[in-house]
Number of protein chains: 2
Amino acid sequence: MAVQIDIFQILADPTRRGIVEVLGKGERQVNEIVEQAGVHQSGVSRHLRILLQTGFVTMRPVGQRRFYSLRPERFRELDDWLAQYRSLWDARLDRFGAALEKRQKTRKTKPEEHGRK
Amino acid sequence: MAVQIDIFQILADPTRRGIVEVLGKGERQVNEIVEQAGVHQSGVSRHLRILLQTGFVTMRPVGQRRFYSLRPERFRELDDWLAQYRSLWDARLDRFGAALEKRQKTRKTKPEEHGRK
DNA sequence: CATGTATATACACTATCGATCATATAACGG
DNA sequence: CCGTTATATGATCGATAGTGTATATACATG
């Protein structure tokens, strides 16, 4: 379990993002999600399995019901990824941005063969 | 132009993210990107076209060369999306988190047909 | 126990997407 | 002009991923 697949890959599917959005409002059971997801129940189940395996949600079984809710980890991860580009638009990060720029000026023209068949 | 496709869809492809990463270090011409991308030049061109059309990059032609560099908009957009989940892990946003929680308690069971063929 | 409800899973189908190859276009240098 | 370099694009192909249908499983309840 805990299949470490691409955050973006997971979030790329609109249906899945819809589910995440619903869960953003709080814990929900599958039925409730199905109502909003716009796809068949089986589809929702599949998406939930993926979200579960990839660490986006947790599941809490209660009788025959299963309650799903969001977990923070992957979102924080996404935030970390985004951080390295934040200097692009966030003026407060200019010091960091300067560092980046310097690095880009200093880079060397590494030839390096590229004839990979 | 300015095809408004899913941010996540665009970023879902690892090769494309690789390109973005390279451009994160500064403006680059296609050749340089190809060296690092691990795919054929034609592939890189296609990816760059997509990134261009979807607003992730700009292009500056110089003779026969084309220099690509990152644009902030879409990243900021992603940041905005992420913001609504930030309360999940950012303790400083607990006030906001409380608001969310209240909302989730108050929600009503809106039936709403879902039989969209 | 029999039936209904909540959720998951196997299967088959389709559409999308990314990769390469070959070729086009356009600018460069002699 | 002519060959070369830089980049883009059309065609084709194979893989992947999402969808619905049908069915399985597990719990609930009379």
Side-chain angles (χ1 to χ4, degrees), chain A residues 1 3-20 22-23 27-54 56-69 109 111-117, chain B residues 1 3-20 22-23 27-54 56-69 109 111 114-117:
Chain A
M1 58 223 93
V3 184
Q4 185 65 354
I5 304 185
D6 204 335
I7 291 191
F8 294 98
Q9 200 101 317
I10 302 300
L11 260 21
D13 182 71
T15 304
R16 218 141 46 210
R17 234 162 39 236
I19 294 177
V20 166
V22 171
L23 293 180
E27 195 186 50
R28 291 287 187 281
Q29 73 185 62
V30 183
N31 259 339
E32 306 178 277
I33 299 172
V34 172
E35 286 173 10
Q36 314 230 15
V39 299
H40 193 273
Q41 174 261 320
S42 69
V44 172
S45 263
R46 249 190 306 276
H47 284 306
L48 284 172
R49 176 157 54 99
I50 293 175
L51 290 171
L52 187 61
Q53 289 178 331
T54 54
F56 279 86
V57 303
T58 11
M59 189 267 280
R60 180 175 68 92
V62 173
Q64 52 183 19
R65 316 281 172 89
R66 314 227 162 164
F67 288 86
Y68 287 86
S69 49
T109 320
E112 177 189 274
E113 50 162 0
H114 58 297
R116 81 184 52 179
K117 180 45 165 309
Chain B
M1 58 224 89
V3 184
Q4 185 65 352
I5 304 184
D6 204 335
I7 292 191
F8 295 98
Q9 202 101 316
I10 303 300
L11 258 23
D13 182 70
T15 304
R16 218 140 45 207
R17 239 171 24 245
I19 293 177
V20 167
V22 171
L23 293 181
E27 195 186 50
R28 292 286 188 279
Q29 72 186 62
V30 183
N31 257 339
E32 304 177 277
I33 299 171
V34 172
E35 284 174 10
Q36 314 231 12
V39 300
H40 193 273
Q41 173 263 318
S42 68
V44 171
S45 263
R46 235 185 290 286
H47 283 305
L48 284 173
R49 176 156 55 100
I50 292 174
L51 290 171
L52 188 60
Q53 289 178 331
T54 54
F56 279 87
V57 303
T58 11
M59 189 266 280
R60 180 174 68 93
V62 174
Q64 53 183 148
R65 316 282 172 88
R66 313 225 164 168
F67 288 86
Y68 287 87
S69 50
T109 321
H114 59 296
R116 89 182 50 177
K117 180 47 173 301

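Residue numbers begin at 1 in each chain, while the letters A, B, ... track the order of the sequences. Because the structure is a prediction, the values reported are computed rather than measured. Note that these values count all heavy atoms, side chains included, but never hydrogens, waters or copies made by symmetry.
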Would you say the side chain of [X] and the base of [N] hold a donor-acceptor pair, judged only by whether the two atoms sit under 3.5 Å apart?
| X | N | answer |
| --- | --- | --- |
| S45(B) | dT9(D) | no |
| R46(A) | dG20(D) | yes |
| Q41(B) | dA8(D) | yes |

* Structure fact -> The answer to which of Q29(B) and I10(A) contacts DNA chain D further toward the 5' end, by nearest nucleotide, is Q29(B)

* **Proximal nucleotide (of dG18(D), dA22(C), dT7(C)) relative to the S42(B) side chain** => dA22(C)

* Consider the side chain of H47(B), meaning its heavy atoms from C-beta on, and name the nucleotide among dT20(C), dA19(C), dT19(D) that approaches it most closely. =>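 Closest of the options to the side chain of H47(B): dA19(C).
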
Hey, is the main chain of [Y] close enough, under 3.5 Å, to the side chain of [X] for a donor-acceptor pair?
| X | Y | answer |
| --- | --- | --- |
| R17(B) | L11(B) | yes |
| Q53(A) | I50(A) | no |
| R16(B) | I10(B) | yes |

Establish, with yes or no, whether the OP1 or OP2 oxygen of [N] is under 4.0 angstrom from a side-chain nitrogen or oxygen of [X].
| X | N | answer |
| --- | --- | --- |
| R66(A) | dA26(D) | no |
| Y68(B) | dA6(D) | no |
| N31(A) | dT7(C) | yes |

* **Residues forming a side chain to side chain donor-acceptor pair (under 3.5 Å) with R49(A), sequence neighbours excluded** => none

* Considering only heavy atoms, which members of residues 58-65 of chain A lie under 4.0 Å from some atom of DNA chain D? ->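 Contacting residues: G63(A), Q64(A).
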
* In terms of the nearest nucleotide of DNA chain C, which residue is placed more toward the 5' end: Q9(B) or V30(A)? -> V30(A)

